[in-house]
Asker: 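Right, I'll just put the structure down here and ask away after.
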Amino acid sequence: MVYLRRKILFSGTSLNQLQKSLRWSSSLKIRDKKVIQPERSFKYADLSVRLAAPHQLQRKPNVCQLSFGKHFTDHMLKIYYYETFGGWQAPEITPFENLVLHPAAKVLHYAIELFEGMKAYRGVDGKIRLFRPEMNMERMNNSAIRSGLPTFNGNELIQCFTRLISIDQEWVPHSTAASLYIRPTLIGIDPTLGVLPSDSALLYVILSPVGSYFKTSEVGVSLLADPQCTRAWPGGSGDSKVGSNYGPTIEMVKKALKKGYHQVLWLYGEHHEVTEVGAMNVFMVYLNDDGERELVTPPLNGLILPGVIRNSILALSREWGQYKVSERKICMEEVCRLFTENRLLEMFGSGTACIISPISNIGFMNRDIRIPTMEQSDPIYKKLLKHLTDIQYGYIPDHPWTVTID
């Protein structure tokens, strides 16, 4: 066990490698970096491990039977925060178990919680890789600031859940069509009622082997765009990964499914501004007025989540220089006009769960707009998807966007 700890701490997941990958960071622009106090963070060096007993070990599912978020590994990471006792307590890896919460815990009454979504990939070389984890940590601290929850040193958490993954490494699917989903979660657990910042919190990480999020890669995703429903608004929390952004969307998703669509295209304002696809960022490819292909996505104006895959798509596209790239508002009037003029080429969603998901249809104002994403001879979305998965699964070895778990 001591050897394992030393190997993880000083090999592929060392702080030097993490700091090296920061030059590829998204510049998510934490609102107030003074609020984050790394010196008050928990430390990986204090991590303790309590392994599951044989009777606590779970049967691993067949890779071909994996769905999203249905199975969980044998262990979890837990880190408590108590302001009364000086802040963050020592991290602990324990057998996977239920949480015990006071009935008045703030997370249950005021949705004081946040989470992240990441993945570990088993590469074609057998190595397990993380994809740009420092960006998730930066975004998680952003969400913590917004939610009145304690911040932490992201590198310390990466090292802690890397150890967790190493313990449950056989749960990382031996397949390039599946991965291990990582769900860091931070909740307010104060046993008192009242809408106030949390003096007590729990940060925990659970792991789940997953397959494809959508089963529609061959036909594309069909979306319902209803101007009557809004996911986020200026000054709101649309740019934070908090549960209160997702729960209220369920009714609209049910409506979309009932009408025969797969998901919702969220719009905002009187001009029907395109924001997100379900829980994904959205991209459009079209022929601009100069006759060249242009990739466009909504800007980070507070209405959308600053996605890690979104940032990666923009970075790769600008590096390639094969088409124009822009971040600006997209309104449904423009989408309809481009479609009518045969200049709309592709639309797709992006996110950790699905990587890239092509869009084939949008139902808007009692009209179906057939997006020709799947009909392109050389679609941009396919090239981006291949390049990203090649990085994640090690076809492109030693890429600076990955952190290898040795």
Side-chain angles (χ1 to χ4, degrees), residues 5 9 15 18 28 30-50 72 75-118 133-165 167 182-207 237 239-246:
R5 179 177 184 272
L9 181 59
L15 282 177
L18 293 174
L28 295 183
I30 288 178
R31 293 183 184 86
D32 184 0
K33 293 197 175 185
K34 294 180 181 178
V35 178
I36 298 179
Q37 300 173 306
E39 71 278 1
R40 294 195 66 197
S41 180
F42 50 83
K43 305 293 183 184
Y44 170 76
D46 298 328
L47 177 68
S48 64
V49 177
R50 178 163 54 90
F72 298 93
H75 298 87
M76 64 189 298
L77 171 69
K78 293 193 291 187
I79 313 169
Y80 284 93
Y81 178 94
Y82 297 112
E83 187 67 36
T84 304
F85 299 120
W88 288 108
Q89 307 300 295
E92 181 184 18
I93 291 174
T94 71
F96 189 91
E97 57 192 4
N98 292 333
L99 302 178
V100 178
L101 298 175
H102 191 281
K106 280 183 166 51
V107 61
L108 302 177
H109 297 268
Y110 312 115
I112 297 182
E113 67 86 49
L114 58 97
F115 63 95
E116 270 300 322
M118 313 167 62
E134 77 286 346
M135 290 184 62
N136 294 93
M137 297 298 96
E138 186 175 356
R139 188 171 66 184
M140 193 170 181
N141 271 314
N142 269 336
S143 299
I145 294 169
R146 182 60 189 261
S147 304
L149 287 164
T151 57
F152 54 89
N153 186 311
N155 287 341
E156 297 292 337
L157 181 57
I158 292 172
Q159 290 187 87
C160 287
F161 67 67
T162 294
R163 177 74 181 281
L164 174 65
I165 295 168
I167 292 173
I182 307 166
R183 174 51 67 87
T185 307
L186 179 57
I187 63 176
I189 60 173
D190 302 58
T192 57
L193 299 178
V195 186
L196 296 168
S198 296
D199 289 331
S200 302
L202 170 62
L203 193 166
Y204 64 92
V205 181
I206 54 178
L207 309 174
S237 59
D239 59 351
S240 299
K241 202 164 181 65
V242 295
S244 54
N245 284 344
Y246 299 87

Asker: So do the side chains of Thr185 and Ile206 get within less than 4.5 Å of each other, counting heavy atoms only?
Answerer: no
Asker: Quick check: closest heavy atoms across Gly194 and Tyr110, and the distance to 0.1 Å?
Answerer: N-OH, 2.9 Å
Asker: Keeping the roles fixed (side chain from Asp46, backbone from Pro91), state whether a donor-acceptor pair exists under 3.5 Å.
Answerer: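 Absent.
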Asker: To the nearest 0.5 Å, what is the distance between OH on Tyr81 and CG on Leu202?
Answerer: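 Here the rounded value is 14.0 Å.
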Asker: Search all heavy atoms of Gly117 against all heavy atoms of Arg139 and return the closest pair with its distance.
Answerer: O-NH2, 4.4 Å
Asker: Counting C-beta onward and ignoring hydrogens, is there a side-chain heavy-atom pair between Leu77 and Leu157 closer than 4.5 Å?
Answerer: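 In short, these two side chains touch, coming nearer than 4.5 Å.
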Asker: Find the distance between CG (Leu203) and CD1 (Ile187) and round it off to the nearest 0.5 Å.
Answerer: 9.5 Å
Asker: What's the separation between atom CD1 in Ile79 and atom CG in Leu47, rounded to the nearest 0.5 Å?
Answerer: 8.0 Å
Asker: Which heavy-atom pair separates Asn245 from Ser240 by the least distance, and what is that distance?
Answerer: ND2-O, 2.7 Å
Asker: Measuring from Glu134:CD to Glu138:CD, what's the distance to the nearest 0.5 Å?
Answerer: 8.5 Å
Asker: Tell me whether the rings of Phe96 and Phe72 are parallel (<30°), tilted (30 to 60°) or perpendicular (>60°).
Answerer: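 The arrangement is parallel - the two ring planes meet at less than 30°.
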Asker: Would you say the side-chain atoms of Glu156 pair up with the backbone N or O of Tyr44, donor to acceptor, closer than 3.5 Å?
Answerer: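 The answer is yes, because a donor-acceptor pair under 3.5 Å joins these two groups.
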Asker: Going by the salt bridge (charged side-chain N to carboxylate O under 4.0 Å, His left out) test, which pairs reach into residues 95-115, not counting sequence neighbours?
Answerer: Arg50-Glu97, Lys78-Glu97
Asker: Could you tell me whether the side chain of Ser198 and the main chain of Gly188 form a donor-acceptor pair under 3.5 Å?
Answerer: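 No, Ser198 side chain to Gly188 backbone: no donor-acceptor pair under 3.5 Å.
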Asker: Once the angle between the rings of Tyr82 and Tyr80 is folded into 0 to 90°, is it parallel (under 30°), tilted (30 to 60°) or perpendicular (over 60°)?
Answerer: parallel
Asker: Mind checking side-chain contact (heavy atoms from CB on, under 4.5 Å) for Ser147 and listing every partner two or more places apart, or none if nothing turns up?
Answerer: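 Checked Ser147 against side-chain contact (heavy atoms from CB on, under 4.5 Å); matches are Leu114, Leu149, Val242.
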Asker: Within a strict 4.5 Å, meaning less than it, do heavy atoms of the Met76 and Leu99 side chains meet?
Answerer: yes
Asker: Enumerate the salt bridge (charged side-chain N to carboxylate O under 4.0 Å, His left out) contacts for residues 80-91, please, sequence neighbours excluded, ordered by first and then second residue.
Answerer: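 Non-adjacent pairs meeting salt bridge (charged side-chain N to carboxylate O under 4.0 Å, His left out): Arg40-Glu83.
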Asker: Please check this pair: side chain of His109 against backbone of Pro103, looking for a donor-acceptor N/O pair closer than 3.5 Å.
Answerer: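 Pair found, side chain donor or acceptor close to backbone of Pro103.
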Asker: From Arg146 CZ over to Lys241 NZ, what is the distance, rounded to the nearest 0.5 angstrom?
Answerer: 16.0 Å
Asker: Please answer whether the main-chain N or O of Thr192 pairs with a side-chain N or O of Asp190 as donor and acceptor at a distance below 3.5 Å.
Answerer: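 No; judged by distance alone, with no hydrogens or angles, the pair does not exist.
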Asker: Is Asn153 reaching over with its side chain to a backbone N or O of Phe42, donor-acceptor style, under 3.5 angstrom?
Answerer: no
Asker: Could you check if a side-chain atom of His75 sits within less than 4.5 angstrom of a side-chain atom of Leu164, using non-hydrogen atoms only?
Answerer: yes
Asker: Distance from Met137 atom CE to Phe152 atom CZ, nearest 0.5 Å?
Answerer: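 Those atoms lie 5.5 Å apart.
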